[in-house]
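Positions are given from 1, in the same order as the sequence printed here.
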Amino acid sequence: MKKFIDKEFMLTNDAARELFHQSAEKLPIIDYHCHLIPQMIADNYQFRNITEIWLGGDHYKWRAMRGNGVPEEYITGGRSDYEKFEKWAETVPYTMRNPLYHWTHLELSRVFGIDKQLKPETAREIYDECNALLATEEFRGQAIMRRFNVETVCTTDDPADTLEYHKKIKEHPFGTKVLPTWRPDKAMAIENPDTYKTYIESLGKAADMTISTFEDMIAALRKRHDFFASMGCKLSDHGLETFYAEEYTESEIKAIFRKVMDGKKPTAEELLKFRSAMLFEFAVLDWEKGWTQQFHVGAIRNNNTRMMNILGPDTGYDAIHDLPCAAAGHKLLDNLAKVDKLTKTILYNLNPKDNEVLATMAYTFNDGTVPGKIQLGSGWWFLDQEDGMRKQMNALSALGLLSRFVGMLTDSRSFLSYPRHEYFRRIMCNLIGEDIEKGKLPASEMPFIHQMVSDISYYNAKRFFEF
């Protein structure tokens, strides 16, 4: 019987097969945005079993299991690891046409060499086979990264983080470059004054200074920004509901900061002004160092209050927001461009309605200095699947230059997610191959098209981020 995940998986035409196998398949991986835990990388972590590495923290799978009627005790609760795995195996057949079905079997095939379908009848043998491999040195965290030829990984780190594990990795290199990414969202999160004050104290401690004023905070952030740069950081990242670009004065922002540090809750207007000021300040810091700033826009988080109180954030209760983003996004980028302090920028949307919005926003601010300087980012989170990726690439192709796209990232907390790069490359090659087969792209230009595929898969990112 023909294997499900075979050599030609997702490749439905001859041109796609040629492009993938000749120009994408064997290239290294640059995973420039992920949520791996640096300590686990530094410690060359050995997972106790497939449940820990596969189901631990994976809210994609948790959402599917809940939707399949699996009780929470088998997801985040106290049931045994095998019982949790068994419930996932029961769920997998019901994920057909969900990307989880493809990802699950790609990971089984590419990581563990298992080409059986996961279902109740195969659960025990697959569990035992994976666990036997995970018990070996070849399946520790660093070895998995080497196996997938991961050249560079960028983690996601708060300005107050010590980066001690990044230091450890630098001192004990293992073949994959692991760099921090500046994620300063907490520095603008003044909604809860008590939480914010605690954070500012931790930021001050990290910067070895006392923060009493807004100017102090900016100085502390600059010190930490410099430190991140010394550790090889080249990117920032911002998780936003939408963009913020309200008019404000310096005196207003100083007064808002004092008010919040005094324990008083800001008004809705003050909140928008402070966020606007901070986004501008962050962008200027990035411009000064030539970093790339990333904006992830459009998530509405922690929507299930009961489960938030039980499990906390990032447990599968976030969704797609529908706030407008065009006016504020253009204004933010324009404010930076007016003072010539707009750095390289990647815009990611979570709501598919914003593909064309952000694609046209990006190309309003390209200035001819860097290919793809401002660009639409890859399909993110709920759009990180075939339909979402194709729509993102079609929007980018129609309104910009697909050939300058920096390509795929995992955005994952799992060491097993690297086959998503293969998944993306197959989908991208199939999309381009379809155009060649239909005569929409000239077969006579295959040498250029091969180079374009290689660039999107790897070389564009390497050049763009200067890794």
(request) Mind checking the CD-SG spacing from E107 to C130? Nearest 0.5 Å is all I need. (result) 10.5 Å
Could you tell me if [Y] and [X] have a donor-acceptor pair between their side chains, going purely by distance under 3.5 Å?
X	Y	answer
R275	Y248	no
D158	Y199	yes
D411	H35	yes

Cation-pi geometry met for [X] and [Y] (6.0 Å, 45°):
X	Y	result
K177	F467	no
R147	F139	yes
R420	Y60	yes

(request) Any chance you could lay out the side chain to side chain donor-acceptor pair (under 3.5 Å) test for T12 and N430, step after step, and finish with the verdict? (result) CA-CA 7 Å; T12 63; N430 205 56; 3.1 Å; yes
Ring-ring centroid check [X] [Y], cutoff 6.0 Å:
X	Y	answer
H296	W381	no
F243	F295	yes
Y101	F4	yes

(request) Run the numbers on H166 and T155 for side chain to side chain donor-acceptor pair (under 3.5 Å), then give the verdict. (result) CA-CA 9 Å; H166 291 83; T155 59; 2.8 Å; yes
